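In what follows, chains are A, B, ... by sequence order, proteins preceding strands, each numbered from 1. Here the structure is a predicted model, which is why all the values come from computation and not from measurement.
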Amino acid sequence: MADDIRNGEILDTEASESASNFIFDFVNEDIESGKVNKDAITTRFPPEPNGYLHIGHAKALCIDFLTAQKFNGRCNLRYDDTNPIKENVEYAESMQEDIKWLGFNWDGMYYASDYFDTMYECAVRLIKNNLAYVCDLSADEIREYRGTLTEPGKESPYRNRSVEENLDLLARMKAGEFAEGTRVLRAKIDMASPNINMRDPVVYRIMRVEHYRIGSKWCIYPMYDFAHPIEDMIENVTHSLCSLEYEDHRPLYDWVVNNCGLPARPRQIEFARLNLSYTMMSKRKLLQLVNEAIVAGWDDPRMPTLSGLRRRGYTPAAVRDFCERIGVAKTNSMVDYALLEHCVREDLNAGAPRMMAVLRPLKVIIDNYPEGQVEWFDVENNPENPDMGTRKVPFSREIFIEQDDFMENPPNKYFRLYPGNEVRLKNTYFIKCNEVVKDGAGNIIELHCSYDPASKGGNSPDGRKVKGTLHWVSAAHAINADIRLYDHLFTESDPGAAEDLHSIINPDSLEVLTGCKLEPNLALTKPGDHYQFLRMGYFCTDKDSTPDRLVFNRTVGLKDSWVKEVKKG
RNA sequence: UGGGAUGUAGCCAAGCCGGUAAGGCACAGGACUUUGACUCCUGCAUCUCGCUGGUUCGAGUCCAGCCAUCCCAGCCA
């Protein structure tokens with residue numbers, strides 16, 4: 001493994017300790033039966049560079065890399081770039097970044113497009129063995145000849161061309177003598193097969209399209225079903241792991257493996273792809289969201305892309321933990337988004353420093369606190385981890401608290417601030433609300449409170465208890481910020497099932513708060529930094545953030561049993 | 001009777017050679033709490049493993065039939 005592709009950011013992954021799964025069982029069988037050498041286990045992650053990687057790819061990445069790791073084998077990154085009209089460098093480069101971010105280091109990085117010569121040789125070999133032919137039928141005709149799910153197909157009139165003619169025609173296809181769509185190379189298998197994939201599938205098509213990395217070197221491009229097994233064989237992949245929809249393709253995969261004349265014998269194993277509630281993995285639809293500017297880009301924090309999750313504040317450890325928890329099976333399933341949220345909370349709870357930030361400020365004036373006085377309190381950075389130390393936070397006569405932390409007429413069980421009630425300001429003093437100041441419209445403008453000097457540090461020597469503890473920010477020391485709050489992008493739990501995306505877009509998926517008040521320690525934050533804003537959730541500094549204008553994204557809120565209480569009425 | 005696959009709690013998911021249903025998320029109670037967070041207890045399939053039969057002393061696990069759902073008719077991957 002080359003050092004230059006390690007990123008070292010991660011991780012504790014002991015794949016060998018992780019639970020087994022049916023793929024590991026298959027690999028073990030193959031080792032025990034002698035089919036493969038136990039030291040040669042090789043897998044690959046084979047994305048087509050036609051979009052950004054998403055959380056579904058993270059699952060595949062974990063399966064591919066951790067299976068290799070489990071058997072002390074290798075895992076390659078291989079770009080399956082056989083269809084130039086959909087691919088570009090931006091996508092290819094983003095994929096490397098995202099894979100490294102997740103903490104995986106590929107053993108080799110390859111491109112299907114580097115194998116085109118070998119693939120062409122394989123095609124020639126198929127022709128010579130009378131296993132492929134050039135077909136002049138149009139795309140529509142090929143479809144008609146293919147038959148239907150319940151009726152067999154008919155053989156192409158070009159099916160029995162001579163080897164010589166096929167060789168000549170293929171060479172001329174390659175040489176660019178024919179127009180796009182006029183001819184294809186087809187495998188000669190069985191037009192009556194109950195498996196439609198075996199009804200003389202197309203192997204090469206003519207495309208006069210510039211390829212994003214090899215330019216116009218080729219004008220014929222191999223199809224997935226032909227290219228993929230060859231790619232696997234070239235790289236000595238022993239186990240080609242893919243998603244369920246390729247089960248029907250396995251007989252064709254095996255056919256290519258057995259007939260193209262290469263020695264390797266990879267085995268394809270299929271698993272269920274990830275479905276996550278309230279979001280979707282369809283690259284076509286994600287691209288639509290980007291193109292129609294429904295989101296701000298592939299890395300919009302509401303996107304299920306790895307770049308979106310990263311910007312939102314998800315950590316690699318959380319994503320990996322999630323992938324481990326959902327398991328590997330063949331059942332089509334829909335995983336609850338709450339599980340992903342649980343995984344980030346767990347990771348961030350342990351590692352994110354705590355800060356105080358007031359998202360919707362309400363001014364509080366402590367009338368009996370000396371004007372001009374400032375006290376600096378030592379505050380723990382993370383109660384879960386004392387090693388993270390403490391910081392100094394300034395306290396003064398005028399502070400901000402959360403608007404939600406005061407109610408003039410509180411409901412039952414409300415133990416925050418209300419007229420006459422006493423609460424604790426985190427780490428500092430007890431305060432009691434004496435007066436509510438409103439504007440002409442009846443809106444609450446500010447509160448006048450009094451504090452108990454004896455309660456310094458947050459406890460009263462007389463043993464008096466308060467039920468509520470509020471976070472706060474000193475008004476004179478507060479720094480301003482914009483904070484973006486997110487909700488699901490879709491109103492339906494299975495948006496992939498909707499015919500029209502627009503009808504299920506959640507209009508409230510983004511809420512931008514301005515004028516939020518932060519404790520001054522946040523002034524030095526950098527994009528990508530994670531925090532827990534006390535009682536408000538986990539936040540991550542956005543890439544738009546500058547020292548002059550801080551911007552944060554809420555990754556996820558804290559669990560909140562009070563809102564549930566309120567909903568219960 | 002087109003082919004391929006899958007069906008275990010609200011959501012995931014263990015359950016290998018049959019022996020009397022792991023775990024996680026969610027949810028509900030409770031304890032603790034200077035975050036209504038975290039943590040910790042407790043509960044959460046007992047005519048039950050899609051259904052119906054069968055084999056067996058005994059079946060989620062074996063057999064048969066049925067039902068439901070998903071995938072496949074791109075010169076996409």
Subject >> side-chain contact (heavy atoms from CB on, under 4.5 Å) partners for A:R273, two or more places apart >> reply: A:S243, A:E245
Subject >> All side-chain contact (heavy atoms from CB on, under 4.5 Å) counterparts of A:A187, not counting sequence neighbours >> reply: A:I189, A:P201, A:V203, A:W255
**OP:** Represent RNA chain B in dot-bracket notation, 5' to 3'. Only Watson-Crick or G-U wobble pairs with both distances under 3.5 Å count; pseudoknot-style crossings use [ ] and interstrand partners use |.
**Re:** .((((((..(((......[...))).(((((.......)))))......(((((..]....))))))))))).....
Original post:
Taking protein heavy atoms under 4.0 Å as touching, what does nucleotides 36-42 of chain B look like 5' to 3' if B marks base contact, S marks sugar-phosphate-only contact and - marks none?
Top reply: BBB----
Identify all pairs in which a protein N or O lies below 3.5 Å from an N or O of nucleotides 66-70 of chain B, and state each distance.
from	atom 1	to	atom 2	distance (Å)
B:C70	O2'	A:N332	ND2	3.2

**OP:** Identify, with sequence neighbours excluded, every residue that meets side-chain hydrogen bond (donor to acceptor under 3.5 Å, both in side chains) alongside A:D336.
**Re:** none
Subject >> Residue pairs passing the ring pair (Phe, Tyr, Trp, His ring centres under 6.0 Å) test where at least one lies in residues 339-358 of chain A, sequence neighbours excluded >> reply: none
Subject >> Partner set under salt bridge (charged side-chain N to carboxylate O under 4.0 Å, His left out) for A:R345, not counting sequence neighbours >> reply: none
**OP:** Output all residues satisfying side-chain contact (heavy atoms from CB on, under 4.5 Å) with A:Q288, sequence neighbours left out; order by chain, then residue number.
**Re:** A:K285, A:E292, A:L501, A:H502
Subject >> For RNA chain B, the residues among residues 195-210 of chain A that have a non-hydrogen atom under 4.0 Å from it >> reply: A:I196, A:V202, A:R205
**OP:** Mind checking side-chain hydrogen bond (donor to acceptor under 3.5 Å, both in side chains) for A:R213 and listing every partner two or more places apart, or none if nothing turns up?
**Re:** A:S113, A:D114
Subject >> Qualifying residues under side-chain contact (heavy atoms from CB on, under 4.5 Å), relative to A:V209, sequence neighbours excluded >> reply: A:P84, A:I85, A:E180, A:M207
